[in-house]
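Single-structure report; data block below.
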Amino acid sequence: EAAALRKKLGWACRKRGWVEMSALLGAFSEKTRALEEVPDAELRSLERIVQSDDLFLAALFSGKKEVPEEFQGAAMDRLLTFAKDWRLTLPKP
């Protein structure tokens with residue numbers, strides 16, 4: 001079941017409505033070796049997060065919104081840390 005969920009989440013990370021969110025979540029999927037480095041216990045939380053709207057996720061990742069209680073935990077911490085590090089590696093305009 002975990003392997004199937006990882007495959008589903010990997011697809012959901014790369015096929016987003018916003019190109020920017022596809023880039024960020026796709027890079028997260030690649031960085032975690034197709035989500036293999038994400039513990040099984042975090043997969044369901046990650047699934048709920050990835051099912052969220054791109055605008056909402058962008059606000060969370062940029063710090064413009066606080067993380068709702070139902071999304072707080074290791075999976076969101078992992079994503080927020082990745083998003084912060086990922087933004088730092090982007091070329092400056």
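These values consider heavy atoms only, across backbone and side chains, with no hydrogens, waters or symmetry-generated copies.
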Exceeds 12 heavy-atom contacts within 6.0 angstrom, atom CD of E1: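 No - once you tally the heavy atoms of other residues, nucleotides and ligands closer than 6.0 Å, there are 12 at most.
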May I ask you to test the [X]-[Y] pair for a side-chain heavy-atom distance under 4.5 Å?
X   : Y   : answer
M76 : L80 : yes
F82 : L25 : no
D53 : W18 : no
R6  : E36 : yes
R16 : L57 : yes

Side-chain (T32) to main-chain (V38) donor-acceptor, under 3.5 angstrom: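 Not confirmed, T32 side chain does not pair with V38 backbone.
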Pair R78 + E42: basic N to acidic O under 4.0 Å: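 Yes, R78 and E42 are salt-bridged.
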NZ/NE/NH1/NH2 to OD/OE distance under 4.0 Å, K8 and E47: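 Yes, charged N to carboxylate O under 4.0 Å.
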V50 versus C13, closest heavy-atom pair with distance: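 Result for this residue pair: CG2-SG, 4.1 Å.
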Minimal non-hydrogen separation, G17 against D54, with atom names: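 Distance-wise, the nearest heavy atoms are N-OD2, 3.0 Å.
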Can you tell me how far [atom2] of [Y] sits from [atom1] of [X], rounded to the nearest 0.5 angstrom?
X   : Y   : atom1 : atom2 : answer
W86 : L24 : CH2   : CG    : 4.5 Å
S29 : E37 : OG    : CD    : 10.5 Å
R44 : L9  : CZ    : CG    : 8.5 Å

Verdict with supporting geometry, L5 and L35, side chain to side chain contact (heavy atoms under 4.5 Å, CB included): CA-CA 10 Å; L5 184 53; L35 305 173; over 6 Å; no
Can you give each donor-acceptor pair under 3.5 Å made by side-chain atoms of residues 59-69, sequence neighbours left out, with the distance rounded to 0.1 Å?
residue: S62; atom: OG; partner: A58; partner atom: O; Å: 2.9
residue: S62; atom: OG; partner: A59; partner atom: O; Å: 3.2

Connected via hydrophobic side-chain network under 4.5 Å: L79 and F56: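 Shared cluster, yes.
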F71/S52 under side chain to side chain contact (heavy atoms under 4.5 Å, CB included): CA gap, chis, key distance, verdict: CA-CA 10 Å; F71 284 169; S52 297; 3.2 Å; yes
